Amino acid sequence: MSSTNRSLPLPPELYKGTALEAAPRLLGQHLVRRTEEGDIVCRIVETESYGGIEDKGSHAYNGRRTARTEVMFSSGGAAYVYLIYGMYHCLNVVTGSVGDPQAVLIRAVEPLTPADAERMVSFRSITVKRPSDLSGGPGKLCRALQVNKSHNGTRLDVSGGPLWIEQGTDPASLDVVQCPRINIPYAEEYAGRPWRFYIRDNPYVSVKDPQAVPLIWL
DNA sequence: TAACCGATTCACT
DNA sequence: GTGAATCGGTTAT
């Protein structure tokens, strides 16, 4: 809302807890991408929690620790960026303490101003017909913000780098709903866990779930 | 060192 | 709504 919030970092506690706690609390916050052409600021509107070694949907399930997943085991606040389907990148916010693999997938963002939208459109190689074409989807937002594997491990809790997160709108004041995560049928009993969160009625959200229910903040 | 497959997207009907 | 595209990471020889 007010521009006075610009440049305030998120409370450090947010990065220290579980991904499940952090996922809804990242909604409304501002993701800042610093490029050669200037900063792009956008609001996080959709997230998913991938938490702990027991989550069969997580890359770190059963403690799987490889070159790819290594960042998930670092301290909260790091960026975990990986390639999916051989052509798209996905951006995650690592949370929790060292050795505890927790991450929140950023699934959709909304440009803060028309100028931000303009920069993002220029990075997309398709015609943007609807808002969600621009950055509604994990692969799309990485394209729109030119996020790639070079950003893996970047500190999101420290401003001034290529990518970081700032305080935006208090998520408690938003209409947040929750529902099961997207495209993880292999996660068996974890596939149905309502660990996707988004701002209801926001046009940048990737997929609306008619079964989504209002989030009860704990 | 080879086979398998994905936290997706886009063009097309 | 449906199906093809596409290649690095993981796992198993």
Side-chain angles (χ1 to χ4, degrees), chain A residues 18-24 26-27 31 44-74 76 78-96 100-110 120-154 156 163 177-198 203-210 212:
Chain A
T18 64
L20 191 54
E21 292 166 334
L26 284 168
L27 295 174
L31 180 64
I44 299 171
V45 301
E46 179 182 348
T47 60
E48 277 181 1
S49 165
Y50 288 85
I53 62 175
E54 69 281 352
D55 179 2
K56 291 181 179 173
S58 171
H59 290 168
Y61 168 60
N62 207 17
R64 188 156 35 117
R65 191 165 181 164
T66 65
R68 179 175 68 150
T69 64
E70 186 59 32
V71 190
M72 286 187 76
F73 291 82
S74 61
Y80 171 40
V81 182
Y82 65 89
L83 189 68
I84 188 64
Y85 294 110
M87 48 178 138
Y88 300 109
H89 294 277
C90 290
L91 170 64
N92 296 252
V93 180
V94 173
T95 74
D100 180 18
Q102 305 266 344
V104 177
L105 172 67
I106 308 298
R107 285 195 54 91
V109 298
E110 168 184 29
M120 289 164 67
V121 169
S122 73
F123 288 145
R124 298 282 283 138
S125 54
I126 60 151
T127 305
V128 176
K129 301 189 186 73
R130 313 169 344 162
S132 61
D133 291 342
L134 177 61
S135 50
K140 295 176 190 174
L141 75 89
C142 284
R143 281 261 174 98
L145 296 175
Q146 295 221 310
V147 169
N148 54 61
K149 281 192 70 181
S150 74
H151 302 108
N152 194 40
T154 295
L156 298 172
L163 193 65
V177 295
Q178 65 180 145
C179 59
R181 295 174 291 183
I182 301 275
N183 279 343
I184 50 164
Y186 54 84
E188 300 175 19
E189 73 270 29
Y190 285 87
R193 298 294 167 89
W195 291 345
R196 179 162 77 105
F197 305 87
Y198 63 88
Y204 286 85
V205 169
S206 64
V207 181
K208 310 271 185 173
D209 186 334

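Here is how names work: the chains are called A, B, and so on, in the same order as the sequence lines, proteins then strands, and each is numbered from 1. Just so you know, these numbers come straight off a predicted model, no measurement behind them.
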(request) For A:Glu21 and A:Thr18, indicate whether the former's side chain and the latter's backbone hold a donor-acceptor pair under 3.5 Å. (result) yes
(request) For DNA chain C, write out the stems as range with range, using runs of 3 or more consecutive Watson-Crick or G-U pairs with both distances under 3.5 Å. (result) B:1-6 with C:7-12, B:8-12 with C:1-5
(message) Run the side chain to side chain contact (heavy atoms under 4.5 Å, CB included) test against A:Glu189 and tell me which residues pass, sequence neighbours left out.
(response) A:Lys56, A:Arg193
(request) Test the A:Arg65-A:Phe73 pair against the cation-pi criterion, namely NZ or CZ under 6.0 angstrom from the six-membered ring centroid and within 45° of the ring axis. (result) yes
(message) Set out, in order, the CA-CA distance, both residues' side-chain angles and the distance that settles side-chain contact (heavy atoms from CB on, under 4.5 Å) for A:Cys90 and A:Leu105, then state yes or no.
(response) CA-CA 7 Å; A:Cys90 290; A:Leu105 172 67; 3.8 Å; yes
(message) Walk along nucleotides 1-13 of chain C from 5' to 3' and tag each nucleotide B, S or - by protein heavy-atom contact under 4.0 Å, base first, then sugar-phosphate.
(response) ----BBBSSSS--
(message) Given 3.5 Å as the limit, does a donor-acceptor pair link the side chain of A:Thr95 with the main chain of A:Val104, or not?
(response) no
(message) Considering every strand and a 4.0 Å limit on heavy-atom distances, what is the contact class for A:Gly57: base, sugar-phosphate, or nothing?
(response) base
(message) Going 5' to 3' along DNA chain B, which are the first and last nucleotides with any atom under 4.0 Å from a heavy atom of chain A?
(response) B:dG6 to B:dA11
(request) Enumerate the residue pairs fulfilling side-chain hydrogen bond (donor to acceptor under 3.5 Å, both in side chains) with a member in residues 128-140 of chain A, sequence neighbours excluded, ordered by first and then second residue. (result) A:Arg130-A:Ser132
(message) Check A:Arg181 with A:Asp55, please: is the shortest side-chain N to carboxylate O separation under 4.0 Å?
(response) yes
(request) Answer yes or no: is there a donor N or O on one side and an acceptor on the other, between the side chain of A:Glu48 and the main chain of A:Phe197, under 3.5 Å? (result) no
(message) Both A:Ser125 and A:Met72 contact DNA chain B. Taking the nearest nucleotide for each, which residue is further toward the 5' end?
(response) A:Met72
(message) As a quick check of understanding, evaluate side-chain contact (heavy atoms from CB on, under 4.5 Å) for A:Val109 and A:Tyr204, giving each step before the final call.
(response) CA-CA 6 Å; A:Val109 298; A:Tyr204 286 85; over 6 Å; no
(request) Give me the residues of residues 181-196 of chain A where at least one heavy atom lies under 4.0 Å from an atom of DNA chain C, by number, or none. (result) none
(message) Between A:Thr69 and A:Met72 (side chain of the first, backbone of the second, donor and acceptor by atom type, cut-off under 3.5 Å), is there such a pair?
(response) no
(request) For A:Asp133, answer base if it contacts any base atom (sugar-phosphate contacts may also be present), sugar-phosphate if it contacts only those atoms, and nothing otherwise; contact means non-hydrogen atoms under 4.0 Å. (result) nothing
(request) From the options A:Leu145, A:Asn152, A:Leu31, select the one residue that forms a side chain to side chain contact (heavy atoms under 4.5 Å, CB included) with A:Leu91. (result) A:Leu31
(message) Could you measure the distance from the OG1 atom of A:Thr47 to the OH atom of A:Tyr198? Nearest 0.5 Å is fine.
(response) 12.0 Å
(message) Centre-to-centre under 6.0 Å for A:Tyr82 and A:His59, is that the case here?
(response) yes
